[in-house]
Undergrad: 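Here it is, the structure in full.
So you know, we letter chains A, B, ... as the sequences are listed, proteins then strands, and number each from 1.
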There are 2 protein chains.
Amino acid sequence: MASTIKGRRSDATKEAILAAARELFASDGYERATIRAIAASAGIDPAMVMRYFENKEKLFAAAAEFDLRIPDLAGTPREQIGARIAGHVIDRWDGDETLMALLRAAVTHQAAADRMREIFATQLRPAVLAIAPDEAVTRAGLVATQVLGLALTRYVLRLPPVTAMDRDAVVAWLGPTLQNYLTGPRPGHEAP
Amino acid sequence: MASTIKGRRSDATKEAILAAARELFASDGYERATIRAIAASAGIDPAMVMRYFENKEKLFAAAAEFDLRIPDLAGTPREQIGARIAGHVIDRWDGDETLMALLRAAVTHQAAADRMREIFATQLRPAVLAIAPDEAVTRAGLVATQVLGLALTRYVLRLPPVTAMDRDAVVAWLGPTLQNYLTGPRPGHEAP
DNA sequence: CTGGCATGTCAACAAGTGTTGGCCTACACT
DNA sequence: AGTGTAGGCCAACACTTGTTGACATGCCAG
């Protein structure tokens, strides 16, 4: 039996398939991204895709594995948390098309939407809980509305004024919003 | 020749097709909403759809005609504009599934995304221009990020904490955000 | 009644989909 | 050397899609 020391040759093509899948799921969505196109983009036969990932559903699940990499906010001053998150979102989104694949697919595909909710529940919600235990779940939901709204209009719909904003502008505008959602008073419950 | 006084009988089925199309485009997105399913939902033959609307593309265009019905804000006090818009969004969204059809389709379908940008340019942008001429286009874009983000998380992804918020909570949380985007100072340009 | 047009149905086409099984090739081990 | 096996390709399957053309049915004018 071959040793597992330096990885089998198949691991390379498996990774090539995953890269192609992420790219096509991101640009075309779940249904338009065909197995044949993914295979062609990876330079192999469609049957290979089925060999390594059983079916399209599981291929997507493997390609849509995603870590938000929410930064540790313990060190940052409380009043800068909003800006910090806004900046992080921009940075995280630009380098990785996985989240776009997930977002595009989640809109029409059940499993992708489930995954999105799962990421929310296991990654965003706990992070918010650490910052603002009071009404944490609602606050996390509000952050999601603004952050995903930015992603939708900027990377998917490409609304001109939103794509035109540079990193600094996004941080300057969205920072205060996120700050308020995270640490602002609960409406109707102003501090006395 | 038949008089056009009371509309031809075909207008009824044409409207039935449009209603079914809106419903299926809204719940399934562009590619998953098949002509056959739309026809079945309308209780007629698939060929009828082609007779009345040439092809799927044009059927969608007809079904996705949409008016945001942005209320006239001349009467409302300037500091309540944000809350007013937030409330209007919730109301407008619940009664009409056309916008959901548009949103779901826009994510994977080019023409739908174009339509979305067009609605932004012809309906939202002018309304913002009337309120805040300074930096109006950017402000309109920011409003779009928050409003579409709410729509996405609440009606499409159905993130539990977002669907759990009632109308009042949405207005209370999003109102100030929209207010700031519309009438707040331009970041880095605070009034002296 | 008879023609003609609007309204509708049926069956089929060509293309594209996910998926499968058989076959080939090259390399690692004995 | 021979051989087993992992990696890869080809052709085909069953099915669904948008779309089309031929054929039926009703209704109104003459």
Undergrad: Does any donor atom in the side chain of B:E23 or B:S27 lie under 3.5 Å from an acceptor atom in the other side chain?
TA: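 No pair is found: no donor N or O on one side chain lies under 3.5 Å from an acceptor on the other.
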Undergrad: For B:F60 and B:F25, take the angle between the two ring planes, folded into 0 to 90°, and tell me which bin it lands in: parallel under 30, tilted 30 to 60, perpendicular over 60.
TA: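 Answer is perpendicular, since the angle exceeds 60°.
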Undergrad: Calculate the interatomic distance between A:F60 atom CZ and C:dG18 atom P; express it in whole Å.
TA: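 These atoms are roughly 14 Å apart.
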Undergrad: Does the B:H88 side chain pair with the main chain of B:A83, one donor and one acceptor, at a distance under 3.5 Å?
TA: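 Checked: no pair found.
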Undergrad: List every contact pair, protein side and nucleotides 12-15 of chain C side both N or O, where the distance is under 3.5 Å.
TA:
residue	atom	partner	partner atom	Å
C:dA12	N6	B:R36	NH2	3.4

Undergrad: Would you say the side-chain atoms of B:T108 and A:E31 include a donor-acceptor pair closer than 3.5 Å?
TA: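 B:T108 vs A:E31: no donor-acceptor pair found between side chains.
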Undergrad: Do A:D28 and A:T34 touch side chain to side chain, with heavy atoms closer than 4.5 Å?
TA: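 Answer no - side chains too far apart.
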Undergrad: From CD1 of A:I35 over to C1' of D:dC9, roughly how many Å is that when rounded to an integer?
TA: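 Taking CD1 of A:I35 and C1' of D:dC9, I get 16 Å after rounding.
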Undergrad: Indicate, with yes or no, if A:L124 and A:V137 share a hydrophobic cluster defined by side-chain heavy-atom contacts under 4.5 Å among Ile, Leu, Val, Met, Phe, Trp and Tyr.
TA: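 Unlinked, A:V137 and A:L124 end up in two clusters.
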Undergrad: Should A:I90 and A:L150 count as side-chain neighbours, where that means a heavy-atom distance under 4.5 Å?
TA: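 Heavy-atom side-chain distance check passes, below 4.5 Å.
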Undergrad: How long is the line joining CD1 of B:I38 and C1' of D:dT17, in whole Å?
TA: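 Answer to the nearest Å: 12 Å.
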Undergrad: Rounded to the nearest 0.5 Å, what's the gap from CG on B:L174 to OG1 on A:T145? Could you check?
TA: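 B:L174 atom CG to A:T145 atom OG1 measures 5.5 Å (nearest 0.5 Å).
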Undergrad: Return the residues of residues 41-48 of chain B meeting this criterion: a heavy atom under 4.0 Å from some atom of DNA chain D. Order them by number, or give none.
TA: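 Nucleic-acid contacts, sorted: B:A47.
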Undergrad: Taking the inter-plane angle between the rings of A:Y181 and B:W173 on a 0 to 90° scale, is it parallel (under 30°), tilted (30 to 60°) or perpendicular (over 60°)?
TA: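 It falls in the perpendicular class, over 60°.
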Undergrad: D:dC15 P sits how many Å from A:E31 CD, rounded?
TA: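 Taking atom P of D:dC15 as the reference, CD of A:E31 is at 21 Å.
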Undergrad: Is the NZ or CZ atom of B:K58 both under 6.0 Å from the centre of the six-membered ring of B:Y52 and within 45° of that ring's axis?
TA: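 Pair B:K58/B:Y52 does not count as cation-pi.
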Undergrad: With distance as the sole test, does A:R92 use its side chain to make a donor-acceptor pair with the main-chain N or O of A:D67 at under 3.5 Å?
TA: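 Answer holds: yes.
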Undergrad: Ignoring backbone atoms, test whether A:T13 places a side-chain nitrogen or oxygen under 4.0 Å from the OP1 or OP2 oxygen of D:dG8.
TA: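 Indeed, a polar side-chain atom of A:T13 lies that close.
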Undergrad: With the threshold set at under 4.0 Å for non-hydrogen atoms, list the residues of residues 50-59 of chain A touching DNA chain D in residue-number order.
TA: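 Residues of residues 50-59 of chain A that come under 4.0 Å of DNA chain D are, in numerical order, A:R51, A:Y52.
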